[in-house]
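All remarks here apply to the structure that follows.
Lettering of chains follows the sequences in order, A, B, ..., and the numbering in each one begins at 1. FYI, side chains are in, hydrogens and waters are out, and symmetry mates aren't considered; it's all heavy atoms of this structure.
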There are 4 protein chains.
Amino acid sequence: MPRSATDLKPRILAEARRLLVTEGHGALSTRRIAREVGCTAPSIYLYFANKDALVHALVDEGFQLLRAHLEAAHAEAAARPGRSVEALCQAYADFALANPEYYEVMFHLGPAELSRYPKERYRVQRAVLDLIGRAALGPGAGPERTLRTATLIWSSLHGAISLHLAHRIDKSVRGPELLADAVRVAVQAARLEPTLRTE
Amino acid sequence: MPRSATDLKPRILAEARRLLVTEGHGALSTRRIAREVGCTAPSIYLYFANKDALVHALVDEGFQLLRAHLEAAHAEAAARPGRSVEALCQAYADFALANPEYYEVMFHLGPAELSRYPKERYRVQRAVLDLIGRAALGPGAGPERTLRTATLIWSSLHGAISLHLAHRIDKSVRGPELLADAVRVAVQAARLEPTLRTE
Amino acid sequence: MPRSATDLKPRILAEARRLLVTEGHGALSTRRIAREVGCTAPSIYLYFANKDALVHALVDEGFQLLRAHLEAAHAEAAARPGRSVEALCQAYADFALANPEYYEVMFHLGPAELSRYPKERYRVQRAVLDLIGRAALGPGAGPERTLRTATLIWSSLHGAISLHLAHRIDKSVRGPELLADAVRVAVQAARLEPTLRTE
Amino acid sequence: MPRSATDLKPRILAEARRLLVTEGHGALSTRRIAREVGCTAPSIYLYFANKDALVHALVDEGFQLLRAHLEAAHAEAAARPGRSVEALCQAYADFALANPEYYEVMFHLGPAELSRYPKERYRVQRAVLDLIGRAALGPGAGPERTLRTATLIWSSLHGAISLHLAHRIDKSVRGPELLADAVRVAVQAARLEPTLRTE
DNA sequence: CATGAATGAGCGTTCATTCAT
DNA sequence: GATGAATGAACGCTCATTCAT
C-alpha cells in the first residue's frame, strides 16, 4: 500500500544524501533540507527523532545497499569458483564509486557521531566482512582467521577508495586504474596472507 | 614570535588537534578551543588569521613531521639496500600509530575544507610519495610509474591505518598485527605491480 | 503574513527607525533592536532576510509615505493653479517635520549602505521629483529641464530640513520660520532658474 | 621645532580622513588606521584619548580649514564690494567639493557622536556664519537678522552639497552646475529675504 | 615612544529544536 | 500531517581599549 506520492520521508532522505555528497557535510542542515524538499524544518521531526537519527538512517541505508550489492555479486560469482574474491572486491569498489555519498557517510563518521550510533546496527558491517572472508578462504576456515583475512582485504580496498573519494590522489594517477590495482592487491593479499608472517 | 610564559600558539594548535580527533570536525570551533585552552576566542586571532589558517597549520605540522620521520627512516635504511621499502612503510605506520592526532587531521579533511587549502603546500605530500616510490623502484624508474606505485603502496597502508584509527576494526583482530600485515602487503604490491595488469 | 498578537514586523521596523534617528547609524544592530523590542535576535530573520533588507524596508516605507503625502497635496492643490509649487514644497517640509524619523532614515544612508540598495527602488524618489518639477514648470517642459529645476528646489528644501533635524541651527533662528523661508526661496528658485545662467 | 619625520599624529589623522572618505564611516577603525599607517593600534592612544577624540580632531581640522578658506576668499573679495556674498558662497561650495571627506565628517555626525562633541568648539561654525551674514547684509545689520539670513543662505548651499556628496542626485543633472545654481539661489535668497515675509 | 598580548563586548548570522495551532 | 513563530546556543569574527614591558 504505497503512501501518498508526496510522502516526505523518502524525499527527506534523498535530499539529505544529495546535499551530503554535492555540498559536503557542512551543508547538511535541517533547514536546508526542508527548503530544498519544499516543506518546513519542523516537518522533518515528524519522521526522524532528530538530526542524528536522520544521519543514522542514511548509514543504515548504505549498509543495506552494500550488503545487497555484495550478495548479488556473490550469487552471480558462485558459478566460477576460485574467482569469487575478485568478484566481491570489484563489487565493493564499484559500490563505493557508484555511491560515494553513501560510502562517505558510512565511513567518514567521526568518533562523536559514531559513539552516538547504536552499535547493534554495525552487525551488517560484520556480515559484509564474513562474506568477503568466506569467499577468500572457503567455509572451512576458522572464524578468527576468516575475519583477519577479510579485514586485510578490506583495508586494501578501503585505502584506495577513501583516498580517491577525498581527492587526495594525484591527477596523473587515474582513479579507476588505481582501484582496479587495489582490488588485485587485495586478492593477492588473501593468497599471501598465510605466508606473510613466516617470511 | 611571542614568548609569554603561557605561549598560546602551541597550546591552541594542540587543543585544536585534540578536539578534531576526539570529538570530530564539528566540535572544532574557535570558542571551544578558547574555552578549553583558557583564553578568549579573539586571542586565537592573534596567532592565526582565521579558522582556516588554523586548520591548515595543523595539516602542515602533520606533513612536516611525517616527512621528517620518513626521511630519518630513509637515511637509516640506506645501509641495507633492498629493504628500504619495508623500512619506509614501517616508519609510515609507526608514525601514524604514534601520532594518531596528526594522522587523522591530515587525512580527515573533506573536499570542502580541502578546497580552501593552498595547493602549493601539498608539495610535502608529493615529497612523501616520491620518497616511497623511489625506495620501491629505485631512482631509474620514470616519474609517472614511480608515482603510481607509491600511490598503490600508500593506499594499502592508509587503508589499514585509517580503519584502525577510526575504531572500525573488530577487537579480535589485533591492530598492530593488521598493520604489520598491511606493510607486507604493500611491499608485495610494489613487487607485483608490474605483473598486475598483464595477469 | 503572521498575525500573532504581538506581530513583530512593524515593531521591529519602528524600533529600528527610532534607534537610527535617536542614537545614530552605529547603534542599529540586530541584537539591539531585539533587546529593545523584547524578542531574540534570530526572530528578526523571520521577517527580514538580513540587516540590509531591514534598512531597505525602512527607506522604502519612508519614500512611499512621502509620495502618498505629496500626491495628496498635489491633488488638493489642483484647484488653485499657479500655487501648486508652494503647496508641494510646504507639504514636503511638513512631512519632514512631522516624520523626522522617516526623513532622516531616507537621507542619512551614506554611499556605502546605499550601494547595496537595489537601484530599481529609487524610482519612487524620481517620482517625487517629477511631481515637484511638473508643478513648477507645467507639463510642457522637457524632462531634463524639469528634473533640473526640481532638483534645485529640492536641494533648497532639503538643506534647511536636514540642518534643522540635525540640530545644527542656532536656537535663536526659529526652525519653522527658517523652513517657511526656505520654501519661499525654493519657489523663487524655480522662477529664477531660467535667468540664473544668463545673468 | 619640527618633530621627527615619522611623527605619528598627523599621519594618523591623514589616514583616518582618507579611510573616512574612500571607504566610508564603517571602515574607520583604530586597527585599520594602525595597519595602514604602519604602527600598532595602541599607538593611536598616545596621541588621542580615544576614537571619539580622533574624530573630533578631524571635525576641528575641517572647521579650521573652512574658516581659513572663507576668510581668504573674503579678503580677496573685499576689493569688489557688493559681490562678496557670491565669492563666499562659491568658496564654501568649492571647499565642500574639494574636501568631501572633511565636509562629511563635519556635517554627517549623528546625534550620538554630536552629543559627545564639546559644544564650545562649535564657535567656529558660528564664526563662519557671521562671515557669510555680514557679507550679505553689511556690518550694520543686527546680529539676529544677520544670523537668520546667513542660515538661510547656508541651508541652500548645504542642501545641494549634501545631496551631491551622498550621490542622491540624478546623473543627468550635472553636479557642479547644480552647485553653481545653488550658489546663485543662495545669493538671491539674501536679497529676497526682506521681502519674503511680506509677500 | 611604542609594542605585543590580551580582553570583554558586540557584531550579523545559522543552527537544531520546540510548541501551539 | 504540517505549519508559523519563536528560541537558546553557538558560530566566525572585529571592535575599542588596557596594560605590562
Side-chain angles (χ1 to χ4, degrees), chain A residues 3-4 6-9 26-35 37-54, chain B residues 1-9 26-35 38-54, chain C residues 1-9 26-35 38-54, chain D residues 3-4 6-9 26-35 37-54:
Chain A
R3 306 254 175 83
S4 98
T6 61
D7 196 13
L8 277 183
K9 189 166 183 175
L28 188 69
S29 81
T30 53
R31 296 153 83 100
R32 187 74 196 280
I33 295 170
R35 190 199 317 153
V37 152
C39 67
T40 62
S43 295
I44 293 177
Y45 291 83
L46 296 172
Y47 301 99
F48 302 94
N50 49 40
K51 202 191 165 191
D52 259 25
L54 200 165
Chain B
M1 57 187 85
R3 47 195 151 117
S4 81
T6 61
D7 202 6
L8 274 184
K9 189 166 183 174
L28 187 72
S29 80
T30 54
R31 290 154 123 94
R32 184 76 195 281
I33 294 171
R35 191 199 314 151
C39 68
T40 62
S43 291
I44 292 178
Y45 292 84
L46 295 174
Y47 302 97
F48 303 94
N50 48 43
K51 199 192 167 189
D52 266 19
L54 168 59
Chain C
M1 60 188 85
R3 49 198 150 113
S4 80
T6 61
D7 202 7
L8 274 183
K9 190 166 182 174
L28 188 71
S29 80
T30 55
R31 292 157 123 91
R32 183 77 195 280
I33 295 171
R35 190 199 314 153
C39 66
T40 63
S43 291
I44 293 177
Y45 291 82
L46 295 173
Y47 302 96
F48 303 94
N50 48 44
K51 199 192 166 188
D52 265 18
L54 168 60
Chain D
R3 305 253 177 83
S4 98
T6 61
D7 197 13
L8 278 182
K9 189 165 183 175
L28 188 68
S29 79
T30 55
R31 298 153 81 99
R32 186 76 196 279
I33 294 170
R35 190 197 317 153
V37 152
C39 68
T40 62
S43 295
I44 294 177
Y45 292 82
L46 296 171
Y47 301 98
F48 302 94
N50 48 40
K51 202 190 164 191
D52 260 25
L54 201 165

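No N or O donor and acceptor, one from the side chain of C:Arg32 and one from the base of E:dG10, sit under 3.5 Å apart.
Judged by Watson-Crick or G-U wobble contacts below 3.5 Å, the nucleotide F:dC15 has E:dG8 as its partner. Base-pair partner of E:dA20: F:dT3 (Watson-Crick or G-U wobble, both distances under 3.5 Å).
Closest to the B:Tyr45 side chain, of the nucleotides E:dT13, E:dC19, F:dC13, is F:dC13. When each of F:dC15, E:dA6, F:dT3 is scored by its nearest atom to the side-chain atoms of B:Leu8, the top-ranked nucleotide is E:dA6. The side chain of B:Arg31 approaches E:dC11 more closely than any other nucleotide in the set E:dC11, E:dA2, F:dA9. Considering only the side chain of D:Thr40, E:dT3 comes nearest among E:dT13, E:dA16, E:dT3. Residue B:Lys51 places its side chain closer to F:dC13 than to any other of E:dT14, F:dC15, F:dC13. Side-chain proximity of A:Cys39 to the nucleotides F:dC15, F:dT3, F:dT14 is greatest for F:dT3.
Atom CD1 in D:Ile33 sits about 8 Å away from atom P in F:dA16, given to the nearest Å. In this entry the distance linking CZ of B:Phe48 with P of F:dT14 reads 15 Å, nearest Å. Look at CG on A:Asn50: it is 17 Å from P on E:dC15, rounded to the nearest Å. Here F:dG12 presents its P atom at 10 Å from CG of B:Leu54, a figure rounded to the nearest Å. The nearest whole Å value for the distance from the CZ atom in D:Arg35 to the C1' atom in E:dG4 is 17 Å.
Nearest-nucleotide assignment on DNA chain E puts the 5′-proximal partner with B:Leu46, out of B:Leu46 and C:Thr30. Mapping B:Ser29 and C:Gly38 onto DNA chain F by nearest heavy atom places C:Gly38 closer to the 5' end of the strand.
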(request) With side chain to side chain contact (heavy atoms under 4.5 Å, CB included) as the test, would you mind laying out the steps for B:Thr30 and B:Tyr45 before giving the verdict? (result) CA-CA 9 Å; B:Thr30 54; B:Tyr45 292 84; 3.7 Å; yes
(request) Would you sort out whether B:Ile44 and B:Ile33 count as a side chain to side chain contact (heavy atoms under 4.5 Å, CB included), showing the intermediate values? (result) CA-CA 9 Å; B:Ile44 292 178; B:Ile33 294 171; 4.0 Å; yes
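Using a distance-only test at 3.5 Å, with no hydrogens or angles considered, no donor-acceptor pair links the side chain of D:Lys9 to the main chain of D:Leu46.
The residue B:Leu28 sits close only to the backbone: its heavy atoms come under 4.0 Å of sugar-phosphate atoms, none of a base. Base contact: B:Ser43 has a heavy atom under 4.0 Å from a base atom.
The side chain of A:Tyr47 contributes no N or O atom lying less than 4.0 Å from OP1 or OP2 of F:dG1.
Closest non-hydrogen pair, D:Thr40 versus D:Ala34, comes out as C-CB, 3.5 Å.
Taking CZ from A:Phe48 and OG from A:Ser43, the interatomic distance works out to 12.0 Å, rounded to the nearest 0.5 Å.
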